Amino acid sequence: MANLAIVVHGGAGAWDIESERMQVGLAACREAALAGHAVLKAGGSALDAVETAVHILEDCPALDAGRGSYLNTQGEVEMDALIMDGRSLNMGAVAAIQRVRHPISLARRVMTDTEHAFLVGPGAGAFADQIGFPRCATEDLIVPPEANGSAPAKPLAGPLGDTVGAVAFDIHGDLAAATSTGGTRNKMPGRVGDSPLVGSGGYADNWTAAVSATGQGEAIMKVVLSKRVCDLVSDGLSAQAACEAAIRLLEERVGGECGLIAIDAQGQVGVARNTRAMPYAFVMGEDEGGMVDGR
Ligand code: ASP
């Protein structure tokens, strides 16, 4: 049993494994895992750790969240995010939010500062303004197409983005999950994927596991993929076996491509995908020197 753990991912998209963008995404994952780990090691909460980690991933131009988000068919950026506290099952989510650098932090404010759990579109923007949450220009979120892999010349393998996510287990035994995305490339305005949907793009429950999903949102939401992982852990599977079983279930039931990261209530880590690649990094235990990364 690990006394603390953090796992992050940079999206199970149509990655070119040898690309410079993959190196940038992987470096951001390492940095995010270490930053989240530092929070945990200092005695901070799993919730603070996942928010800290996702901030770094949202700032990375190579990843489809915050800065670097894909554009919709109108050339606009609409982002979705979910954060969940495994101790209380409290959650906060935003969808189709525009002009914020860190949607994950706005999702957390929905959780802590409102009586609601999920705000969308103009209402989410109005809430941001009401609480003085930092707004930015849309241009601040847009990067050159080659930076986030959205250049038209790139072959695309299905409707995938490079959503980011983090799950953590703190020294108090609490779990948390966070997922943030710009959604899929050239999506319809108003399209919301799995990422902000509780149980689909993420879930956290101290009784079972914390999970963040990435991949084809329209498939993931049909099988409520992240909650499936928790249910499989509840059935006795390890976090790793549960991630693998949930992906098989997605394939068999609806078809589709996805990636999953998870930590169970013993602090054990799971990472799985059926896509070409998914940059990730994790640390189990206090020694950050033991960080593992991969793609
Ligand atoms: N799941 C995200 C969405 O459908 C995209 C991704 O993870 O690649 O919006």
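Positions are given from 1 along the sequence. Read the numbers this way: they start at 1 and go in the same order the structure lists the ligands and their atoms. Please read these numbers as outputs of a predicted model, since none were measured by experiment.
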Taking only heavy atoms of [X] into account, list the atoms of ligand 1 that are under 4.0 Å away from them.
| X | value |
| --- | --- |
| G183 | 9 (O) |
| S195 | 1 (N), 2 (C) |
| D194 | 1 (N), 2 (C), 3 (C), 4 (O) |
| T214 | 6 (C), 7 (O), 8 (O) |

Exercise for the section: Give yes or no for whether the N/O distance cutoff of 3.5 Å, strictly under, is met between T163 and ligand 1. Expected result: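 Such a contact does occur with ligand 1.
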
Handout entry: Short N or O distance, G217 and ligand 1, threshold 3.5 Å exclusive
Key =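 Yes; the residue has a nitrogen or oxygen that sits under 3.5 Å from a nitrogen or oxygen of the ligand.
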
Handout entry: R87 atom CZ, neighbour heavy-atom count above 12 within 6.0 Å
Key =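 Open: at most 12 neighbouring heavy atoms sit under 6.0 Å from CZ of R87.
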
Practice task
Report yes or no: does G215 have a heavy atom closer than 4.0 Å to ligand 1?
Solution key: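 True for this residue.
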
Problem - Side-chain donor or acceptor of D235 paired with backbone N/O of A242 under 3.5 Å - result: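 Side chain of D235 to backbone of A242, a donor-acceptor pair under 3.5 Å: no, none is there.
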
Practice task
Decide yes or no for Y70 and K187: does some side-chain heavy atom of the first lie under 4.5 Å from some side-chain heavy atom of the second?
Solution key: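 Y70 does not reach K187 side chain to side chain.
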
Practice task
For side chain to side chain donor-acceptor pair (under 3.5 Å), just list the numbers for Q268 and S238, CA-CA rounded to whole Å, side-chain angles, deciding distance to a tenth of an Å, and then say yes or no.
Solution key: CA-CA 8 Å; Q268 302 299 311; S238 68; over 6 Å; no

Exercise for the section: Determine whether the side chain, the backbone, both or neither of R191 has a heavy atom under 4.0 Å from any heavy atom of ligand 1. Expected result: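 Contact part for R191 vs ligand 1: side chain (C-beta onward).
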
Handout entry: Minimal non-hydrogen separation, F169 against A46, with atom names
Key =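 Nearest pair, atom of F169 first, then A46: N-CB, 4.3 Å.
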
Problem - Given D194, V254, L249, I220, the one that forms side-chain contact (heavy atoms from CB on, under 4.5 Å) with L225 - result: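 So, applying the side-chain contact (heavy atoms from CB on, under 4.5 Å) to L225 and each of D194, V254, L249, I220, only I220 qualifies.
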
